Amino acid sequence: MTLVAEALPFTVKPIYWTACQKEIMAIRTKVFVEEQGVPPELEWDGLDEGSYHVLAYAPDGSPIGTGRLLQDGHIGRIAVLLEWRGKGVGRALLEMLLVIANKMGNEEVILHAQTRVLGFYRKRGFTKTGREFMEAGIPHVAMKRKTEDQVSWPAAFVFRPLPRL
């Protein structure tokens, strides 16, 4: 008997900044600039073009979440649209970034977690590495984790084309 896993209601894919800049900017502007009050000049730090990016897509092909990995192993800018939060999108984005980090040779990754979501990162193996600090007016804590267990693409990464709009 063959068991087939139920398809997730979204897909996560690695993408190029130059190809999906508009979609990434729309999500991060909505989440960080509009919802959280991050000044645009802090959100757009000039590091996106040289970073690895992932995008989550709804079944209709619309972008619903994003995240990035700097080449030095720093994960950041994980953002999920409000209506998709709590549905595993953030976890899938993070899992994809961890696999990319591992495949790019980063044995460890770091991130600055907003203190309100420390539990999310702790559940995924991250540990605090310092004291609370303010970043863009929001309390954060530095965290790290190894990537040696992140060798397989997550379930949200599927090899099927997105539906045409």
Side-chain angles (χ1 to χ4, degrees), residues 10 12-18 20-58 63-151 153-154 156-157:
F10 58 87
V12 177
K13 294 189 175 197
I15 48 85
Y16 291 106
W17 169 255
T18 52
C20 296
Q21 177 179 351
K22 185 171 70 171
E23 293 89 344
I24 294 168
M25 290 182 77
I27 293 168
R28 286 173 37 191
T29 295
K30 181 77 175 155
V31 172
F32 296 126
V33 178
E34 295 174 13
E35 289 179 24
Q36 298 182 5
V38 173
E41 61 273 14
L42 294 179
E43 179 58 32
W44 310 113
D45 58 9
L47 300 175
D48 287 305
E49 194 168 332
S51 299
Y52 302 100
H53 293 268
V54 294
L55 262 177
Y57 297 91
I64 59 172
T66 187
R68 78 174 182 191
L69 170 69
L70 302 180
Q71 292 187 23
D72 67 359
H74 189 121
I75 289 176
R77 303 306 201 267
I78 296 178
V80 177
L81 295 179
L82 182 61
E83 58 272 19
W84 282 90
R85 292 181 200 152
K87 298 179 180 179
V89 177
R91 181 183 72 242
L93 290 164
L94 181 60
E95 288 173 356
M96 181 70 79
L97 290 167
L98 288 168
V99 172
I100 293 169
N102 175 275
K103 293 187 179 301
M104 294 296 109
N106 292 295
E107 294 176 6
E108 186 174 79
V109 291
I110 58 171
L111 55 78
H112 294 168
Q114 293 183 10
T115 56
R116 65 180 184 78
V117 292
L118 283 179
F120 170 82
Y121 291 108
R122 281 192 181 118
K123 285 180 189 173
R124 281 135 195 100
F126 283 84
T127 58
K128 288 172 46 174
T129 61
R131 294 180 175 194
E132 184 177 306
F133 60 93
M134 295 300 283
E135 187 171 271
I138 302 168
H140 284 73
V141 173
M143 302 185 89
K144 68 178 180 178
R145 108 187 270 288
K146 300 281 186 199
T147 66
E148 69 235 357
D149 62 331
Q150 300 296 308
V151 296
W153 297 108
F157 180 62

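Quantities reported herein were computed from a predicted structural model and do not represent experimental measurements. The first residue of the sequence shown is numbered 1, and numbering continues consecutively from there. Heavy atoms only: backbone and side chains are in, while hydrogens, waters and symmetry mates are out.
Heavy atoms only, all atoms of each residue included: Tyr57 and Cys20 are closest at OH-SG, 4.0 Å. Ala58 approaches Ile64 most closely through the heavy-atom pair CB-CG2, 3.8 Å. In plain terms, the two heavy atoms of Val38 and Ala136 that are nearest each other are CG1-CB, 3.9 Å. In this structure, Leu93 and Leu55 approach most closely via the heavy-atom pair CD2-C, 4.2 Å. Summarising the geometry of Ala101 relative to Val109, their closest heavy-atom pair is CB-CG1, 3.5 Å, with the distance given to 0.1 Å. In terms of heavy-atom proximity, Ala113 sits nearest to Met143 at CB-SD, 3.7 Å.
Glu107 places none of its side-chain heavy atoms less than 4.5 Å from the side chain of Glu148. Side-chain contact between Val31 and Thr66 is absent, with no heavy-atom pair separated by less than 4.5 Å. Considering only heavy atoms from C-beta on, Trp17 stays 4.5 Å or farther from Leu47 through its side chain.
The stretch residues 70-109 participates, sequence neighbours left out, in these ring pair (Phe, Tyr, Trp, His ring centres under 6.0 Å) pairs: His74-His112. For the salt bridge (charged side-chain N to carboxylate O under 4.0 Å, His left out) condition, no pair includes a residue of residues 120-133, sequence neighbours left out.
Separation of atoms CG (Leu69) and CG (Leu94) is listed at 10.5 Å; rounding is to 0.5 Å. Rounded to the nearest 0.5 angstrom, Asp48 CG and Arg28 CZ are separated by 4.0 Å. Taking CG of Asp72 as the reference point, atom OG of Ser51 lies at 8.5 Å (rounded to 0.5 Å).
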Trace of the side-chain contact (heavy atoms from CB on, under 4.5 Å) decision for Tyr121 with Ile78 = CA-CA 12 Å; Tyr121 291 108; Ile78 296 178; 3.9 Å; yes

Run the numbers on Glu34 and Thr29 for side-chain contact (heavy atoms from CB on, under 4.5 Å), then give the verdict.
-> CA-CA 6 Å; Glu34 295 174 13; Thr29 295; 3.8 Å; yes

Apply the test side-chain contact (heavy atoms from CB on, under 4.5 Å) to residues Val80 and Phe10: give CA-CA distance (whole Å), side-chain angles for both, the deciding distance (0.1 Å), then the verdict.
-> CA-CA 12 Å; Val80 177; Phe10 58 87; over 6 Å; no

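For Arg145, the side chain to side chain donor-acceptor pair (under 3.5 Å) partners at least two apart in sequence or on another chain are Asp149. Every residue meeting the side-chain contact (heavy atoms from CB on, under 4.5 Å) condition with Gln114, not counting sequence neighbours, appears here in chain and number order: Phe32, Gln36, Arg116, Val117, Ile138, His140. For Asp45, the side chain to side chain donor-acceptor pair (under 3.5 Å) test picks out Arg68, Arg77, with sequence neighbours left out. Under the side chain to side chain donor-acceptor pair (under 3.5 Å) criterion, Glu23 pairs with no residue, sequence neighbours left out.
With Tyr52 as reference, Met104 is the one residue of Met96, Lys103, Met104 to meet the side-chain contact (heavy atoms from CB on, under 4.5 Å) rule.
Residue Glu83 places its CD atom among more than 12 non-hydrogen atoms of other residues, nucleotides or ligands, all under 6.0 Å distant. Surrounding NZ of Lys87 are more than 12 heavy atoms belonging to other residues, nucleotides or ligands, all under 6.0 Å away.
Between the side chain of Thr147 and the backbone N or O of Leu98, no donor-acceptor pair lies under 3.5 Å.
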